[in-house]
Amino acid sequence: AMAHPVRLALMEALNHHGQLTATEAAEHVGESPSNCSFHLRQLAKYGFVEEAEGGTGRRRPWRVVTIGTSFTDVHEDTETALAASNLSRVIVERLLARARVGLEKGRLLPDEWRAVIGSSDMTLYVTPEEMRVLGDAIVEKLWVYRERIADPAKRPPGSRPLQFAGFVYPVEP
């Protein structure tokens, strides 16, 4: 359900704006309102979005059910594992492309922003359980800011959207 570019763009737009109608979403993702409506219904069918309160008549705002994504391709069902693997590939390609553009544009920001954006990496020798605990701790720290995604009114003055993405993968020393 998620590995479609329009659906990923809709999820990003909803995460940024809190809630949008299909017509409003269409303006942000460059698609027609009817196409956005179709994809929003598909996302709702699989539990990724839901209708937000406050809709009247044909104006039906949507919002994400869960903020952020985290998943694995470890599944007993081969089709599910393959679908998760394909979704992972699509998301990683999208994140890397966005990171390239964002890091390049970041060079044009004021010093205070340039000082806090960038990249870092580290090779760790950990067990699967240690990595799970570390990943959970990082997500817990990030969750403090999740209300600002769902409710733009909670964003402090001077804040801006920054993407925090993590990749964990095996390397050969």
Are more than 12 heavy atoms, taken from residues, nucleotides or ligands other than Glu129, located less than 6.0 Å from that residue's CD atom?
yes

key: Pairwise side-chain contact, Leu82 with Glu79, heavy-atom cut-off 4.5 Å (strictly under)   = no

- Query: Between Leu134 and Leu124, does a side chain to side chain contact (heavy atoms under 4.5 Å, CB included) hold up when you go through it step by step?
  - Reply: CA-CA 11 Å; Leu134 178 58; Leu124 307 172; 3.8 Å; yes

Assigning hydrophobic clusters by single linkage (Ile, Leu, Val, Met, Phe, Trp, Tyr; side-chain heavy-atom cutoff under 4.5 Å), is [X] placed with [Y]?
X      : Y      : value
Val171 : Val92  : yes
Phe38  : Trp62  : no
Phe164 : Met122 : yes
Val133 : Leu142 : no
Trp143 : Leu14  : yes

Rounded to the nearest 0.5 Å, how far apart are [atom1] of [X] and [atom2] of [Y]?
X      : Y      : atom1 : atom2 : answer
His4   : Leu10  : NE2   : CG    : 10.0 Å
Asn15  : Arg148 : CG    : CZ    : 15.5 Å
Phe48  : Leu8   : CZ    : CG    : 9.5 Å
Arg60  : Thr23  : CZ    : OG1   : 11.5 Å
Glu112 : Ile117 : CD    : CD1   : 11.5 Å

Which pair of non-hydrogen atoms, one from [X] and one from [Y], has the smallest distance, and what is that distance?
X      : Y     : answer
Cys36  : Ala22 : CB-O, 3.7 Å
Ala165 : Leu95 : CB-CD1, 4.1 Å
Ser85  : Asp73 : N-CB, 3.9 Å
Arg89  : Asn86 : NH2-OD1, 2.6 Å
Gln19  : Ala52 : OE1-CB, 3.0 Å

* When you measure from the side chain of Glu93 to the backbone N and O of Val90, does any donor-acceptor pair fall under 3.5 Å? -> no

*State whether the side chain of Glu24 and the backbone N or O of Thr21 hold a donor-acceptor pair below 3.5 Å, judged by distance alone.*
yes

side-chain hydrogen bond (donor to acceptor under 3.5 Å, both in side chains) pairs touching residues 155-173, sequence neighbours excluded, are Arg98-Gln163

Applied to residues 39-50, the side-chain hydrogen bond (donor to acceptor under 3.5 Å, both in side chains) test, sequence neighbours excluded, yields Arg7-His39, Asn35-His39, Ser37-Arg41, Glu50-Arg63

Next on the checklist: Applying side-chain hydrogen bond (donor to acceptor under 3.5 Å, both in side chains) to Ser34 and Ser32, what does each step give before you reach the verdict?
Outcome noted: CA-CA 5 Å; Ser34 62; Ser32 70; 3.3 Å; yes

Residues pairing under ring pair (Phe, Tyr, Trp, His ring centres under 6.0 Å) where one sits in residues 7-27, two or more places apart or in two chains, turn out to be His17-His28

